[in-house]
Asker: 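One structure coming up, written as structure tokens, with questions to follow.
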Amino acid sequence: MNILEVKNLSFSYNKAKIIDDVNFKVSKGELFGIIGPNGSGKSTLLKLLSNIIKGEDGDIFLLRKELSQYRRKDLARVLAVLPQSTEIGFEFSVKEIVEMGRHPYLENWQGISQADKKVIDKALKLTNTISLADKLINSISGGERQRVLLARALVQEAELLLLDEPTSALDINYQLEIFELLSRLTREGTTIVVVLHDLNLASQYCDRLLLLNQGKVNTIGIPDEVITLNNIKDVYGCDVEVDNSGRRPYVKLVTSNE
Amino acid sequence: MEIKVKEISIIIILFILLILSIIVALSLGTVKIPIITGIKGGLTTIEQTIIYKIRLPRILLAALVGMALSTSGVVFQGIFKNVMADPYIIGVSSGASLGVSLAINFGLIYYWRGISSLALFAFLGGIITSFLVYSLAKTKGRIPTSTLLLSGIAVSFFLSSLVSLVMILDSGNLQKVFYWLMGSLANGSWQEVKMILPAIILGFLIVYFLADNLNILLLGEETAYYLGVEVERIKLLLLVAGSLLASMAVAVSGIIGFVGLVVPHVLRLILGPNHRILLPASALGGAILLIVTDTIARTILAPTELPVGIITALCGAPFFIYLLQKRKVKF
């Protein structure tokens with residue numbers, strides 16, 4: 001079943017095409033990666049999928065319904081987004097932040113129910129953040145904070161999860177932890193679209209990849225089809241080695257003074 | 001978000017303090033009326049008149065104005081996501097006072113069931129200013145303290161000069177308008193109380209109803225959008241309600257600064273940023289602060305009265321400087 005379907009999507013800014021006739025489908029339970037060099041339009045594409053900016057052309061169908069047809073709260077029940085900038089200038093506790101993920105299910109002033117509490121506890125457990133629940137959001141480390149924000153997104157119980165560089169500021173141990181968790185979520189039926197710049201993380205964990213170049217789709221497919229010597233040279237304009245001896249292709253940098 | 005026992009206790013304590021401050025303020029003044037006599041019911045006719053006709057309406061007006069200023073401070077701090085926002089600093093008070101001065105100057109004073117057109121003009125001036133400052137201060141979707149303060153001050157100066165200009169053109173009312181501009185409750189009567197009571201209750205209810213949305217807005221507009229908040233509509237409602245509260249205060253008492261800055265700040269340090277609790281606590285705290293400062297204003301140099309705005313500014317401005325010094329403002 002297709003969760004997400006993008007048809008002929010285009011977007012311009014100041015007359016420059018940022019996204020140019022992009023087409024792809026994501027099916028249920030997939031971990032779908034969007035990769036490409038800086039300025040290729042990755043983050044813009046994710047913003048279009050999040051419905052926070054509108055494309056000038058084309059359609060985005062989420063669960064067979066056009067994005068703009070959703071009411072705000074209804075959309076937040078099927079689509080959770082974790083944006084890149086996560087600055088919070090207020091001393092909320094971790095628990096308060098995660099609880100806000102239930103907002104799409106609550107009326108004004110409706111309290112958190114026992115059922116809501118179960119969902120929250122489950123998300124705290126999955127992200128390994130139970131012990132942080134009573135701490136203030138600005139007193140924890142960057143890795144912990146990213147896990148907390150992921151917990152908030154999980155609490156939305158959305159069919160589709162969009163993540164923009166969820167691990168870019170994290171140490172490798174946290175990167176692994178987050179991606180192991182994402183893999184597990186997709187096995188349980190959640191669909192995830194993630195923007196990444198780390199080609200090897202993308203190759204290791206994503207089921208399929210979309211390689212974006214100057215707003216256009218260069219290649220879509222499984223990592224073996226996308227992470228190739230020619231593709232990387234085409235899009236990034238640099239020479240690399242691709243090691244295909246492992247389970248998934250692995251990109252090695254070639255330095256000139258070797 | 002849930003409300004904890006500690007938070008309820010603080011609301012109760014604030015409520016008791018409010019009642020106490022009202023009782024003490026009733027007994028103080030040029031004519032001292034001992035509280036004990038009042039409780040025993042041994043008041044003379046003159047003392048009764050002083051209490052019911054003069055002191056009680058003024059104290060209630062102080063409570064309403066304090067509540068309005070403090071609540072609108074919380075609202076503006078939430079919308080601007082900045083603790084330095086306050087109706088006085090962002091110029092909403094100046095906008096409302098320009099509305100009032102223009103109405104006085106052009107003789108546009110009408111009454112409808114005890115509601116003066118001055119309230120309407122104050123509201124118009126206040127809301128136009130809040131939209132103006134908001135759009136001036138916004139850079140790349142954020143409102144940094146520097147641009148907020150600069151655009152607030154610039155707009156405020158501009159509007160204040162217009163007020164001065166209007167005053168000079170209409171020098172007949174000069175002293176009256178001048179005194180009112182410094183912030184004073186000296187003209188407080190039951191009529192003023194009746195005039196602003198419905199608007200302040202309405203404004204507070206709108207804001208309080210949106211407490212959860214206000215909490216989520218603090219996470220940033222993009223995140224709020226992803227969590228299902230209709231950001232633009234909620235912000236518009238909050239700007240209107242915040243301006244309504246601040247301009248009703250200005251309509252009856254002129255410009256009383258810093259109440260909306262100091263009270264929410266102190267309570268946020270104690271209670272945290274959850275608006276379900278911060279809003280009622282700030283309303284009570286603002287009422288108490290203004291009753292106390294107004295009592296000082298009318299007794300400290302008795303029989304001469306000071307504008308209460310001088311007292312709040314004397315305490316509030318150093319506090320503002322202290323916040324700027326700390327800069328790493330904690331919410």
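Only this structure's heavy atoms are used, side chains among them; waters, hydrogens and symmetry mates stay out. In what follows, chains carry the letters A, B, and so on, assigned in the order in which the sequence lines appear, proteins first and then strands, with residues in each chain numbered from 1.
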Asker: Is the backbone N or O of B/Tyr226 less than 3.5 Å from a side-chain atom of A/Gln156, with the two atoms forming a donor-acceptor pair by type?
Answerer: yes

Asker: Non-hydrogen atoms of chain A under 4.5 Å away: do they reach the side chain of B/Val231, the backbone, both or neither?
Answerer: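 Contact with chain A: none, neither part.
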
Asker: Above 12 or not: heavy atoms from other molecules or residues under 6.0 Å from CZ of B/Phe157?
Answerer: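 No, the 6.0 Å shell around CZ holds no more than 12 heavy atoms from other groups.
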
Asker: Is any side-chain heavy atom of A/Phe92 closer than 4.5 Å to a side-chain heavy atom of B/Asn215?
Answerer: yes

Asker: Suppose the criterion is salt bridge (Lys or Arg N to Asp or Glu O under 4.0 Å): which pairs have a residue in residues 62-77 of chain A, not counting sequence neighbours?
Answerer: A/Arg71-A/Asp74

Asker: If you measure from CZ on A/Arg102 to CG on B/Asp212, what distance do you get to the nearest 0.5 Å?
Answerer: 14.0 Å

Asker: Above 12 or not: heavy atoms from other molecules or residues under 6.0 Å from CZ of B/Phe15?
Answerer: no

Asker: Roughly how far, to the nearest 0.5 Å, is the CG atom of B/Leu218 from the CD atom of A/Glu91?
Answerer: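 Answer for the CD-CG pair, A/Glu91 versus B/Leu218, is 12.0 Å.
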
Asker: Within the structure provided, determine whether B/Thr223 and A/Met100 are in side-chain contact (heavy-atom separation under 4.5 Å).
Answerer: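 B/Thr223 vs A/Met100: side chains apart.
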
Asker: Just verifying a value: how many Å separate B/Ile216 CD1 and A/His103 NE2, rounded to the nearest 0.5 Å?
Answerer: 4.5 Å

Asker: Side chain, backbone, both or neither: which part of A/Leu75 has a heavy atom under 4.5 Å from chain B?
Answerer: neither

Asker: Does atom NZ (A/Lys54) have a neighbourhood of more than 12 heavy atoms from anything else shown, all under 6.0 Å?
Answerer: yes

Asker: Using modelled atom types and a 3.5 Å cut-off, is there a donor and acceptor pairing between side-chain atoms of A/Trp109 and backbone atoms of B/Ala211?
Answerer: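 Pair absent, no side-chain N/O of A/Trp109 close to backbone of B/Ala211.
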
Asker: If I measure from the heavy atoms of chain B, does A/Asn51 come under 4.5 Å with its side chain, its backbone, both, or neither?
Answerer: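 For A/Asn51, backbone and side chain are both near chain B.
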
Asker: Please walk me through it: do B/Glu222 and A/Gln84 pass side-chain contact (heavy atoms from CB on, under 4.5 Å)?
Answerer: CA-CA 10 Å; B/Glu222 193 181 348; A/Gln84 208 174 2; over 6 Å; no

Asker: Do other residues, nucleotides or ligands put more than 12 heavy atoms under 6.0 Å from the CD atom of A/Glu188?
Answerer: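 Yes, the 6.0 Å shell around CD holds more than 12 heavy atoms from other groups.
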
